[in-house]
Amino acid sequence: MAPDTRPHVPATEEQGSEPSDLVAGEDLALARRARAQLAEVAPEPGVPKPDPLLVADGVRKSFGGLVAVDTRHLEIQRGTITALIGPNGAGKTTLFNVLTGFDRRSEGTWQFADQDISRMAPHRVAQRGMVRTFQMTKALTRMTVMENMRLAATGQTGEHLLSALLPGTWRAQERENTERAQALLERFDLAAKADQFAGELSGGQRKLLEMARALMVRPRMIMLDEPMAGVNPALTQTLLGHVTDLRDEGLSVVFVEHDMDVVMGISDWVVCLAEGQVIAEGPPEAISDNRAVIDAYLGARQDLDEHGPEGVR
Amino acid sequence: MSATAAGGRLVAVTLVVALAAGGLAALGALAAPALAEGEESLRGTLQVDGDPVEGVRIEVTDDAGATVAEETSDADGQVEIALPGPGSYDATLDVDTLPDDVVLRDPDRATISPDVSPGATRPLAFPLQDADTEEEVVSAIPWSRLAQGSVNGIKLGLLIGMASIGLSLVFGTTRLINFAHGEMVTFGAVVAWMLHMTGFELPLIAATLLAIVAGGALGAGMEKGLWHPLRSRKFGIIQMLVVSIGLSFLLRYLIQLVYGTQRQTYADFAISASVSLGPFRTTVRDLLIMGISILVLTGVGLMLTRTRIGKAMRAVADNRDLAESSGINVGRVILIVWVLGGALAALGGVFVGASEEVTWIMGFRLLLLMFAGVILGGIGTAFGALVGSMVVGLGVEISAVWLGGQLKYVWALAVLILVLLVRPQGILGVRERVG
Amino acid sequence: MDLIEILSFAFRSAVGPLAITFALAAIGLNIHYGYTGLLNIGQVAFVMVGAYGLAITVDVFGGSHVLGALVGLGLAALLAVLLAVPTLRLRADYLAITTISVGEVLRLATRSSQAAPLTRGADGIAGLGGPFYALNPIPPGDYGFWIFQLGSERRVWLMLVGWGLIALMCLLVWALMRSPWGRVLRAIREDEEAARSLGKNVFSYKMQALVLGGVIGGLAGVYYAIQAAGVAPDTFDPRITFYAYVILILGGPGRVLGPVLGALIFYALFQGADVLLRQGAAGGWLPLVEWFGSQAIGATRLALVGLVLMLLMIFRPQGILGDRREMSLGA
């Protein structure tokens with residue numbers, strides 16, 4: 001294990017004013033160096049990266065006879081924002097599902113922070129620091145915003161049946177988690193809503209909550225499935241700001257997005273999927289005029305600016 | 001007796017009583033009035049080789065030796081003796097009233113002593129055999145009963161398959177597991193019974209046709225009056241499921257209110273000539289039931305694959321949003337699914353009633369088998385459900401050869417759990433995706 | 001119509017041993033359905049193994065009642081594990097289908113002649129509860145006043161212990177559900193994928209919830225066996241689960257006191273309705289029996305309960321104690 005996983009001990013002293021202790025489990029300097037290294041990587045599908053956090057080999061997923069995902073090799077560089085694009089039905093969400101353990105792989109292996117997680121149950125993947133959000137936000141509607149946040153903290157003593165009955169064993173931890181949750185809520189402009197039911201939030205606020213909640217897990221990589229879908233333009237800017245902030249604090253971000261302006265605006269690296277395969281990857285400038293990418297979108301009769309949801313469910 | 005002509009073949013001659021294996025007792029047998037809050041009684045069917053034995057007198061005495069009741073078996077070989085209350089009784093078969101060519105298999109068992117608990121119906125078990133049957137050599141594998149079990153199993157499987165089409169299609173198109181589906185089966189059987197046996201005295205065939213119409217109407221009524229409004233109010237699946245449990249109890253006890261707790265048969269086709277096909281023995285009635293079931297199932301299969309409405313149903317089941325956006329009137333398709341499901345459930349109910357008995361709880365019992373069949377085959381897939389139903393039907397009847405009628409549901413449950421462990425998507429189902 | 005008789009009978013029923021049994025069964029179900037969203041439609045199976053665990057231990061193996069009670073609770077836990085393994089990884093309705101089948105099949109198996117050496121078949125096992133009543137410290141007599149009649153010292157003792165158990169279980173549920181453990185359960189009820197994505201082992205929590213609620217159901221069974229001084233398979237029919245649901249949804253699922261309040265009201269109404277219907281039948285202003293026969297009163301009452309469950313679920317799924325605002329958020 002890398003030295004940078006910090007389980008549930010709030011590290012308020014370290015790194016002083018840097019807000020990164022609030023969210024990230026990553027070494028900031030390392031992450032910044034990794035991002036800089038990306039400039040030298042060739043824009044080819046399956047290209048190796050200098051400091052990959054996630055390495056996937058031969059990941060394949062088929063439903064019945066239909067192959068949804070079939071990627072030969074894919075690496076995600078630490079400390080960067082990687083966008084996953086592709087026409088509808090390209091297998092982006094399925095790839096998310098498989099990598100995070102929500103769908104069982106048909107074939108393939110992948111390592112996260114040098115550890116094989118390809119057979120791991122989704123909750124253990126999350127505990128390892130790879131946390132995903134969902135295309136349709138999954139706010140826990142009949143729990144308050146604060147409960148949503150507290151829930152997400154890992155390593156809670158009070159989550160064991162027997163210690164649950166002894167509040168003395170978990171009160172202090174609960175207080176710490178609440179403090180961190182409060183700080184995160186303030187950062188995401190949700191502090192005023194802390195005691196409301198999550199179901200009372202607007203769609204945009206739910207997106208914010210879901211992101212803040214994922215950070216409670218102290219992830220090293222956060223995987224956002226269409227974080228801007230159905231969000232008004234003003235909030236999109238706020239969300240984008242949050243995403244880049246997270247990256248600047250050392251977190252690795254992977255996100256699925258349809259809006260090309262968004263993708264081009266904030267990504268350090270773009271991976272394009274079509275029919276389950278990685279057909280192109282590279283920095284945004286290299287992707288926007290990549291022939292294969294354009295063909296894939298035209299082939300699927302989609303504009304590059306298509307905003308629609310992925311697939312019809 | 002025709003069985004005798006079968007000659008050297010040793011047929012295990014079992015008089016099947018309410019709770020014994022195989023034979024006509026199959027389902028209705030298990031529908032013992034467990035929940036009935038009625039009177040105590042003794043009940044059984046006297047038969048040799050599937051042929052009823054009429055005119056046999058059975059006398060019941062209480063603890064004190066006083067005769068409390070006396071009945072003679074009717075044309076169906078059935079005897080039902082009402083008792084004055086719970087307690088221990090002796091029931092004695094009057095050997096002198098047996099036909100000349102029929103004897104008790106065990107001459108020492110002319111008297112049995114059932115203990116009857118409050119509200120219970122206890123079986124009258126008097127195994128009979130042909131007088132000229134040689135002493136039975138008990139083989140390890142009871143081939144003849146196995147053959148009989150297979151015939152019954154095929155019939156039961158077809159009935160489960162037919163009755164569960166609605167369950168499956170409704171689930172496929174609306175994601176609702178309708179716990180009230182069993183009551184739609186009972187409804188059909190009871191409507192036909194009322195039209196046939198009371199007041200109108202319609203022939204069973206006419207009564208059945210009307211019951212099918214009534215079943216379809218019930219389905220349509222449920223969809224229009226309940227499920228459609230709930231869906232448009234965005235009710236969750238779990239909430240709807242609980243509503244369907246409430247509905248099933250409402251219907252079940254409304255049926256009990258109107259129909260009562262008794263177990264009845266249809267007068268038409270109550271007796272039916274027996275037919276032998278090699279080792280398989282069945283009746284004309286059962287052949288008819290199986291034939292019609294196969295026809296109906298084939299018809300439904302053709303409808304699903306060949307007709308526009310059938311294709312629309314499958315499209316809705318496959319992907320509702322896509323179907324809707326490609327111009328299919330989803331609401332109408334779902335309504336038709338309910339009508340079809342209700343009609344087929346009603347027909348299944350009449351068939352179960354005709355081959356066994358009509359009771360207020362029959363549909364609930366069948367529902368458990370339908371669940372097993374549907375899950376085994378792959379929930380939401382019409383063809384899978386048929387395959388699953390056949391496996392369950394055969395399994396239930398064949399296992400009854402060894403386990404006895406009382407435990408045959410255990411088998412269905414075991415299959416259900418095994419399938420969930422090994423292949424939850426069922427034989428023909430496809431894994432669902434999440435996230 | 002005699003109002004005093006109805007009220008008195010309703011009160012007697014609402015606080016009596018049967019209502020206590022159902023309150024306990026519903027407290028268990030509340031952990032399943034109310035807090036975790038597990039659709040267990042076979043709570044009767046847990047009640048049944050609890051009751052039979054006690055009865056068989058005492059009757060067949062000559063064990064003590066205490067040992068029997070422990071066996072009953074242990075069997076309920078075992079049943080929960082056996083049910084959990086094949087179903088809890090699947091969609092909610094698989095658990096529903098499996099539990100409803102297990103409930104009915106257990107009953108059929110118990111009453112079968114093959115099981116008779118152990119279970120005494122359809123007649124069941126009698127003669128339980130002696131040692132329980134031997135501990136009764138309450139002096140003989142009839143207790144109660146006016147319409148609030150409790151009954152003999154035996155019944156009062158039963159009710160005392162029963163309500164004690166209810167209080168204990170409510171305390172347990174309260175303590176658990178305010179803890180982070182209970183928070184995970186509620187998160188699973190809301191959206192198990194979300195809970196999973198936040199690193200919670202959903203299967204393990206569902207299993208714990210199913211076992212805990214099942215054991216409380218088993219406790220209801222142990223209590224039932226003692227209050228009825230015996231067990232018979234046919235008492236454990238699907239209606240038990242059904243009543244437990246009505247009670248839970250009436251009182252308020254996901255509320256500590258929901259099942260208790262629900263049981264009180266349900267039994268008062270249910271038994272009150274019985275007296276009312278019978279008086280109506282006897283008085284001739286409700287000729288159900290004349291029209292439909294002797295089963296009419298029981299059937300009418302149960303059909304009404306079915307209707308009540310539907311209406312509650314449709315119009316007030318949060319029950320009496322629930323919060324309309326919370327429910328309107330949708331699950």
Side-chain angles (χ1 to χ4, degrees), chain A residues 96-97 100-102 121-134 136-144 147-167 169-171 173-174 177 196-201 210 213-214 216-219 223 225, chain C residues 31 34-37 77 88-89 168-169 171-213 215 252-255 317-318 322-331:
Chain A
F96 258 40
N97 285 346
T100 50
F102 278 81
H123 67 274
R124 297 196 45 219
V125 172
Q127 288 167 357
R128 287 285 177 288
M130 188 162 125
V131 177
R132 60 94 48 101
T133 66
F134 297 87
M136 310 284 284
T137 38
K138 291 185 182 296
L140 304 165
T141 50
R142 286 184 293 165
M143 293 168 72
T144 65
E147 280 182 308
N148 266 267
M149 295 294 284
R150 284 193 194 121
L151 169 81
T154 48
Q156 299 190 47
T157 317
E159 288 184 354
H160 300 283
L161 183 54
L162 292 180
S163 20
L165 289 171
L166 306 167
T169 60
W170 48 264
R171 277 238 174 85
Q173 200 185 29
E174 184 88 346
N177 287 335
Q196 291 192 10
F197 285 119
E200 294 173 299
L201 299 183
E210 202 171 15
R213 194 177 64 188
M216 282 298 286
V217 185
R218 289 189 186 280
M223 304 179 75
D225 196 349
Chain C
I31 295 177
Y35 287 104
T36 323
L88 288 188
R89 288 182 202 280
L168 212 61
M169 291 303 119
L171 198 67
L172 178 74
V173 170
W174 173 79
L176 282 174
M177 293 310 160
R178 68 198 259 276
S179 78
W181 186 84
R183 188 163 61 211
V184 179
L185 293 198
R186 281 180 293 136
I188 292 171
R189 177 189 69 191
E190 296 302 304
D191 191 323
E192 62 175 84
E193 297 293 354
R196 225 172 248 138
S197 77
L198 298 172
K200 309 304 171 195
N201 186 350
V202 169
F203 178 76
S204 161
Y205 283 100
K206 280 180 169 182
M207 169 90 89
Q208 293 172 42
L210 195 67
V211 169
L212 186 66
V215 168
R255 302 278 153 175
Q318 74 276 29
D323 180 345
R324 179 88 234 186
R325 185 179 63 126
E326 186 181 325
M327 265 302 168
S328 66
L329 300 173

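The basis for the numbers below is simple: all heavy atoms, side chains too, and nothing from hydrogens, waters or symmetry mates. Just so we're on the same page: letters track the sequence lines, and every chain starts at 1. This is a predicted model, so every value here is computed, not measured.
- Side-chain atoms of C/Arg196 and A/Phe102, non-hydrogen and from C-beta on, do get closer than 4.5 Å to each other.
- Atom CZ of C/Arg178 has more than 12 neighbouring heavy atoms from other residues, nucleotides or ligands inside a 6.0 Å radius.
- The line from CE of A/Met223 to OG of C/Ser197 is 12.0 Å long, rounded to the nearest 0.5 Å.
- The side-chain heavy atoms of C/Glu190 and A/Lys138, taken from C-beta on, include no pair separated by under 4.5 Å.
- Note that the CZ atom of A/Arg142 and the CD atom of C/Gln318 stand 10.0 Å from one another [nearest 0.5 Å].
- For A/Pro122, the parts lying under 4.5 angstrom from a heavy atom of chain C are both the backbone and the side chain.
- Looking at A/Ala152, both its backbone and its side chain come within 4.5 Å of chain C, counting heavy atoms on both sides.
- Side-chain atoms of C/Leu198 and A/His123, non-hydrogen and from C-beta on, never get closer than 4.5 Å to each other.
- Neither the backbone nor the side chain of C/Phe203 comes within less than 4.5 Å of any heavy atom in chain A.
- No side-chain heavy atom of C/Asp191 sits less than 4.5 Å from a side-chain heavy atom of A/Thr141.
- A/Arg171 touches chain C through its side chain: at least one heavy atom from C-beta onward sits under 4.5 Å away, while N, CA, C and O do not.
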Go through it in stages, so that I can follow the logic: the residues are C/Arg183 and A/Glu174, the test is salt bridge (Lys or Arg N to Asp or Glu O under 4.0 Å), and I'd like the CA-CA distance, side-chain angles, deciding distance and then a yes or no.
CA-CA 12 Å; C/Arg183 188 163 61 211; A/Glu174 184 88 346; 2.7 Å; yes
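- When heavy atoms are compared at a cutoff of 4.5 Å, A/Glu210 does not approach chain C at all.
- Contact annotation for A/Ala153: only backbone heavy atoms (N, CA, C, O) come within less than 4.5 Å of a heavy atom of chain C.
- Taking the side chain as every heavy atom from C-beta outward, A/Arg150 and C/Pro180 never approach each other to under 4.5 Å.
- The environment of CE in C/Met207 is crowded: more than 12 heavy-atom neighbours from other residues, nucleotides or ligands sit within 6.0 Å.
- Put simply, CD on C/Glu192 and CG on A/Leu140 are 11.5 Å apart, with the number rounded to the nearest 0.5 Å.
- Going from atom CG of A/Leu161 over to atom CG of C/Leu176 covers 6.0 Å, rounded to the nearest 0.5 Å.
- With chain C as the partner, the residue from A/Ser163, A/Ala164, A/Ala126, A/Ala121 showing the most heavy-atom pairs under 4.5 Å is A/Ala164.
- In this structure a side-chain-to-backbone donor-acceptor pair under 3.5 Å is missing from A/Glu159 to C/Trp181.
- Once rounded to the nearest 0.5 Å, the distance linking CG of A/Leu151 with NZ of C/Lys200 reads 5.0 Å.
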